[in-house]
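What follows is a short report on a single structure.
Lettering of chains follows the sequences in order, A, B, ..., and the numbering in each one begins at 1.
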Amino acid sequence: MIDFELSDEQKMVRETVGAFARERIRPAARQADESESIPQELIQQAWQLGLGREPIPEELGGFGGKRSVLTGAVAVEELAYGDLAIALHIMTPALFAFPILEVGTDEQRRTYLPLATGDEFPFVTAALMEPRFDFDPTALTTRARKIASGFTLHGAKCFVPLAGEARAFLVYAQLENGAHGFDSVKAFIVERGAKGLSLGEREKNMGLKALASYELALDLELGPESIVGGEDSSYGARLLSESRVALSAMAVGVAKAAFEYSRDYAKERHAFGAPIATKQAIAFMLAEMALEIEASRLLAWQAAVALDKGGDAIKEASCAKNYASSVALKVADNAVQILGGHGYIREHPVEMWLRNARGFAILEGVAIV
Amino acid sequence: MKLLVPIKRVPDPATTIQVRPDGTGIVTDNIKWVINPFDEIAIEEALRIKERLGSGEVVLVTIGEKSWQEQLRTGLAMGADRAILVVNDKPLDTLAIARVLAKVVADEKPDLVIMGKQAIDDDSNQVGQMLAELLGWPQATFASKVEISDSVCTVVREVDGGLETVQFPLPAVITTDLRLNEPRYASLPGIMKARKKEIKEIPVENLGLDLAPKLKIKALKAPPKRQAGRKVSSVQELVHLLHTEAKVI
């Protein structure tokens, strides 16, 4: 049976994270974008909500909850509704923790999950994207080769959030093991200070300016215990789908923010003696924005539910990501248009949302729900 | 220490309220319901008192329909230990509410009742005072600071023209003002734990109280729409109009 009703807990997560996003994140977003930094106090407050460590077992510093991709999608939609750059910052530790939680060995969970928990916001991150025009998460050019003492890791990464302060990284690479595609995509745990790990300059991006991201160059030798889940497990497809669902949900959040802002503006702004929302050119645009946001959310939830049932959900997650990314961009663009000249100036947030939404078509971050 | 926090469900302050055409109440379709903001402050203060003392129990109570469970769950997710729902679907006036609460207090025997100074829907600002009177307990309304040591309570009250500090023994009733604290957000683990916490339901009939309303709402009316301002062309004209038309100078 198909049921689109969220559980009572999921509704409460939505309410709470939504209230936090409206009351705390949104008011800080413009200043964060202008100053290219996020107040540590805000991040710390968000961390206290338990996002990113709820499903980690209590003995490893989490809260022992049950991991649900759908609940995660509901939460990150609300966070991104507040601000995308701040949402990505808040969820960065989960980029490191959730794959280890899900596919790591017991030993890896015991050793590394405590790095991603605790009362202070933990600086750990993941590196997936590569600085190439033909970046493909199923054919990474960061290569891992098995040697007698473990593995060598060689390549370059970009858009690694919080890398400047990170104590540990989850680095995705293609293991040269004869397999192809997802079956040879592996994650490696690299600690800060590893010989051959070099950090580039902070990136200067069009949007998401508040999120500190960096390039990484890798020429490393790692021990045999560094490969997440061991050599024989295959998890690339599932982790990528989780990432796509999270990004889809965030895209829905950004689109919802832009839609609501431009709708409210259109109801207040008068032209030719009536609010512009009463003009069909604007009204039709708003109606279409609303309907595409609903459609994006359904696609994201469908993929999330499929993942929660244990599948890889490659098709569902890819559809959701593709659709939600383009909807976010289109809705943010329409919002700028509805505000007219006001949409183009930095006093209103829609131009910032447009710049941020542009990232969805480019980002293929890792599993962060 | 046992702390009892009575809460009320009210429309979200951000909701646009519409009066029913027949004037008997407000339109409740599509209204988002929340915990009365002053009561949320009371929950937060109770949790802080418990945290400061290192032990204790925070019990929520509300009087309303079964669906009010939702607001109790939110309070439990913030950290309250358990909740009581006195199930009632008939209109009750403030004295009736105070009587029900007095009965709950008699059963629960809390050391402190802490609640919002008023609900933001009808703004009555009566229940806390009435409850203290029915119980014969000390009361401190409009609290902006609460300190407890050795069953002596010190409260700073916001009164017209300044602050008043009062001291009294427990048990007592405190009602909270806006500046007492800033309520926390429920955390994810808090939300997940709230599901397992107890909400005890008591049908209001079982309390055997006289709850017949002494107060009847005759009609509700929306405030008149504000008229648009008028532009005047000179200071002289303004002064002239203030004198002759508005008659304020």
Open item on the list: A side-chain contact here means heavy atoms from C-beta on lying under 4.5 Å apart; do A:Leu51 and A:Met91 qualify?
Closed with: yes

Open item on the list: Please determine whether a side-chain nitrogen of the Lys or Arg among B:Asp107 and B:Lys200 lies less than 4.0 Å from a carboxylate oxygen of the Asp or Glu.
Closed with: no

Open item on the list: Please determine whether a side-chain nitrogen of the Lys or Arg among B:Glu108 and B:Arg82 lies less than 4.0 Å from a carboxylate oxygen of the Asp or Glu.
Closed with: yes

- [ ] Scan B:Glu158, B:Lys117, B:Arg157 and name whichever one has a side-chain hydrogen bond (donor to acceptor under 3.5 Å, both in side chains) with B:Thr141.
- [x] B:Arg157

Open item on the list: Holding to side-chain contact (heavy atoms from CB on, under 4.5 Å), I want the full list of residues that pass it with B:Ile120, two or more places apart in sequence or in another chain.
Closed with: B:Val10, B:Pro13, B:Asn36, B:Pro37, B:Phe38

Extract the chain B to chain A donor-acceptor pairs under 3.5 Å, no hydrogen or angle test applied.
unit_1, atom_1, unit_2, atom_2, d
B:Glu182, OE2, A:Arg24, NH1, 3.4
B:Glu182, OE2, A:Arg24, NH2, 2.3
B:Tyr185, OH, A:Glu23, OE1, 2.6
B:Tyr185, OH, A:Arg24, NE, 3.3
B:Leu188, N, A:Leu49, O, 2.7

Open item on the list: Check whether B:Thr175 reaches the backbone of B:Phe142 with its side chain - one donor and one acceptor, N or O, closer than 3.5 Å.
Closed with: yes

